[in-house]
Amino acid sequence: MFVAAALTGSKPEQYSELVQQARGLLAGEPDRIANAANLSALAYHALPDVNWLGFYFFDGKELVVGPFQGKPACVRIALGRGVCGTAAVSRQTQRVDDVEAFPGHIPCDAASRSEVVVPLFRGEQLIGVFDIDSPALARFDADDVRGLEALAQVFVESLA
Ligand code: SME
């Protein structure tokens with residue numbers, strides 16, 4: 001059984017511990033659904049002030065919701081739409097301090113106030129996005145972005 005130890009230290013140190021836990025959790029398993037599900041559960045329960053955390057996968061046309069923790073979410077997001085579609089098209093992590101100020105933001109859980117979306121690429125190939133929502137305004141800073149990008153990288157590297 002995998003037991004996630006409580007995170008300690010500065011925020012970068014906590015993310016570093018979480019990344020190590022994620023590596024252990026995903027080690028030796030290449031299945032995309034299994035790893036997205038377990039990484040969502042690990043990170044959702046480790047990170048404070050998060051109300052939705054999970055994956056959208058690119059099906060060749062648009063983003064389709066994958067494993068996540070939180071309330072039920074919108075299923076399909078067109079490329080270029082919302083924070084998720086913007087991250088996928090721009091290939092840049094989107095950090096949104098106030099989702100209501102983001103043009104085209106797609107509300108899934110009405111409680112969400114700030115959001116980070118990390119695009120997932122293997123080489124040139126779009127895999128999907130890793131999306132994290134918070135009920136607090138400006139919940140995420142640069143340390144969160146770096147930590148969430150590192151977690152996303154663990155997921156990408158785990159894939160067969
Ligand atoms: N807010 C996202 C949609 C996904 S939910 O937050 C889970 C967006 O604007 O793309």
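All values below come from the heavy atoms of this structure, side chains included, with hydrogens, waters and symmetry mates left out. Order of listing sets the numbers, starting from 1, for every ligand and every atom in it.
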Original post:
Taking the inter-plane angle between the rings of F68 and W52 on a 0 to 90° scale, is it parallel (under 30°), tilted (30 to 60°) or perpendicular (over 60°)?
Top reply: parallel

Original post:
For Q69, does its backbone N or O pair with a side-chain atom of S40 as donor and acceptor, under 3.5 Å?
Top reply: no

Subject >> Short side-chain to backbone donor-acceptor contact, E13 and S10, under 3.5 Å >> reply: yes

Original post:
Less than 4.5 Å apart, any side-chain heavy atom of K11 and any of D141?
Top reply: yes

Original post:
Under a 4.0 Å heavy-atom cut-off, which residues neighbour ligand 1?
Top reply: W52, Y56, I77, G82, V83, C84, H105, I106, C108, E115, D131, D133

**OP:** Determine, for E100 against R113, whether the closest basic-nitrogen to carboxylate-oxygen distance falls under 4.0 angstrom.
**Re:** yes

Original post:
Any chain of hydrophobic side-chain contacts (each under 4.5 Å) joining L63 to I106?
Top reply: yes

